[in-house]
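The shown structure was predicted, so the numbers you read here are calculated from the model rather than taken from an experiment.
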Amino acid sequence: VISVERLEHVERVAALVVHWAEQMGVPDSERHRWLRAVWLHDAVRDAPDDVLKTWAPSALGPAGLRHGPASAARAKADGELDRGVLDAVRYHSLGLAEWDMVGRVLYCADYLEPGRPFGREDREGLAHGFPQDSGGVLRKVAQARLIHTVASGWPVADPTVRFWNSLVGRALPASG
């Protein structure tokens, strides 16, 4: 369930991922994993709320957060077995500390694709730098997304907190 505009977004994400894979000399098998995650990540993004609830009944929050779990559940039901691909799709809006490269690539490419209207020059620079410094770009993307979440007044989900802490190499002490 995808609109024409959403399909154009996914196509731009795919083009960026293909470019990165070429620049990084990624083997075809890994590039194919990256592209499966790209094509699946917004599979039900434009679906009605009842469809999202059907595929992800326990996912909370607005459609913007529920479509990842719903898309992953749909992909699994349709035969996707790769845990890394499924985790990338499920958590692409939040981040996940346990991700392998496919999740990290999708997270960055989804944010950095050139059709997004905000911060074009900054995002273009980050997209250009990803093949040479994927870890540094990932931290900058995560930071920008976290700042946006906090500024919007939305709660920061536990997977996002753990993801951020994994990127900066330290966890906050437990409150007691």
Side-chain angles (χ1 to χ4, degrees), residues 1-47 51-52 55-56 59 62-120 122-142 144-145 148 157 159-160 163 167:
V1 181
I2 193 166
S3 67
V4 171
E5 295 82 10
R6 186 78 50 203
L7 177 59
E8 291 169 353
H9 158 72
V10 172
E11 289 171 339
R12 289 188 301 269
V13 175
L16 185 56
V17 164
V18 166
H19 175 73
W20 288 347
E22 290 170 357
Q23 293 292 308
M24 298 168 77
V26 172
D28 286 346
S29 59
E30 183 68 3
R31 181 175 53 87
H32 290 284
R33 291 179 74 230
W34 294 6
L35 286 171
R36 286 201 321 272
V38 167
W39 287 107
L40 294 169
H41 85 280
D42 278 351
V44 296
R45 177 65 174 89
D46 298 321
V51 172
L52 294 175
W55 286 107
L65 294 181
R66 293 186 12 229
H67 77 279
S71 293
R74 174 68 191 264
K76 187 174 181 179
D78 287 345
E80 179 58 61
L81 300 174
D82 186 315
R83 174 70 185 261
V85 170
L86 293 171
D87 282 349
V89 172
R90 180 176 185 81
Y91 293 100
H92 77 272
S93 298
L94 298 173
L96 184 68
E98 296 82 10
W99 267 339
D100 64 9
M101 194 62 177
V102 69
R104 294 165 180 257
V105 165
L106 177 59
Y107 184 81
C108 289
D110 186 40
Y111 181 81
L112 296 174
E113 68 93 342
R116 297 214 183 255
F118 57 89
R120 288 181 194 244
D122 290 339
R123 287 182 313 93
E124 183 179 333
L126 290 172
H128 180 75
F130 186 87
Q132 296 78 33
D133 184 18
S134 61
V137 169
L138 176 65
R139 279 186 296 281
K140 289 177 182 174
V141 168
R145 292 178 80 155
H148 174 73
T160 305
F163 178 55
L167 294 176

Name every donor-acceptor pair, under 3.5 Å, that has one atom in a side chain of residues 97-115 and the other anywhere in the protein, sequence neighbours excluded.
{"residue": "Glu98", "atom": "OE1", "partner": "Arg162", "partner atom": "NH1", "Å": "3.3"}
{"residue": "Glu98", "atom": "OE2", "partner": "Arg162", "partner atom": "NH1", "Å": "2.7"}
{"residue": "Trp99", "atom": "NE1", "partner": "Asp87", "partner atom": "O", "Å": "3.1"}
{"residue": "Asp100", "atom": "OD1", "partner": "Val102", "partner atom": "N", "Å": "3.2"}
{"residue": "Asp100", "atom": "OD2", "partner": "Arg33", "partner atom": "NH1", "Å": "3.4"}
{"residue": "Asp100", "atom": "OD2", "partner": "Arg33", "partner atom": "NH2", "Å": "2.8"}
{"residue": "Asp110", "atom": "OD1", "partner": "His9", "partner atom": "NE2", "Å": "2.7"}
{"residue": "Asp110", "atom": "OD1", "partner": "His41", "partner atom": "NE2", "Å": "3.2"}
{"residue": "Asp110", "atom": "OD1", "partner": "Arg116", "partner atom": "NH2", "Å": "3.2"}
{"residue": "Glu113", "atom": "OE1", "partner": "Arg12", "partner atom": "NE", "Å": "2.6"}
{"residue": "Glu113", "atom": "OE1", "partner": "Gly115", "partner atom": "N", "Å": "2.5"}
{"residue": "Glu113", "atom": "OE2", "partner": "His9", "partner atom": "ND1", "Å": "2.7"}
{"residue": "Glu113", "atom": "OE2", "partner": "Arg12", "partner atom": "NH2", "Å": "3.2"}

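Once rounded to the nearest 0.5 Å, the distance linking NZ of Lys140 with CG of Asp122 reads 9.5 Å. We find the CD1-CD distance between Ile2 and Glu8 to be 10.0 Å, quoted to the nearest 0.5 Å. How far CE of Met24 is from CH2 of Trp34: 4.5 Å, rounded to the nearest 0.5 Å. Summarising the geometry, atom CG belonging to Leu81 is positioned 7.5 Å from atom CG belonging to Leu86; distances are rounded to the nearest 0.5 Å.
Listed here is the closest heavy atom pair of Val89 and Ala37: CG2-O, 3.7 Å. Minimum heavy-atom separation, Val38 to Ala14: CG1-N, 3.6 Å. Closest non-hydrogen pair, Leu40 versus Ala75, comes out as CD1-CB, 3.8 Å. A pairwise comparison of heavy atoms in His67 and Leu52 identifies CA-CD2, 3.9 Å as the closest pair. Minimum heavy-atom separation, Ser93 to Leu65: CB-CD2, 4.2 Å. Residues Val137 and Gly129 share a closest heavy-atom pair of CG2-C, 3.9 Å.
The stretch residues 19-29 participates, sequence neighbours left out, in these side chain to side chain donor-acceptor pair (under 3.5 Å) pairs: Asp28-Arg31.
Residues meeting the salt bridge (Lys or Arg N to Asp or Glu O under 4.0 Å) test with Asp46, sequence neighbours left out: Arg6.
Around CZ of Arg74, the count of heavy atoms belonging to other residues, nucleotides or ligands within 6.0 Å does not exceed 12. Other residues, nucleotides and ligands contribute only 12 or fewer heavy atoms inside 6.0 Å of the CD atom of Glu124.
The backbone N or O of Gly95 sits nowhere less than 3.5 Å from a side-chain atom of Thr160 that would complete a donor-acceptor pair. Looking at Asp82, its side chain does come within 3.5 Å of a backbone N or O of Val85 through a donor-acceptor pair.
In this structure, Arg66 and Trp55 have side chains that are not in contact, with every pair of non-hydrogen atoms separated by 4.5 Å or more.
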*For Val17 and Trp39, what are the C-alpha separation, side-chain angles and deciding distance, and is it a side-chain contact (heavy atoms from CB on, under 4.5 Å)?*
CA-CA 11 Å; Val17 164; Trp39 287 107; over 6 Å; no

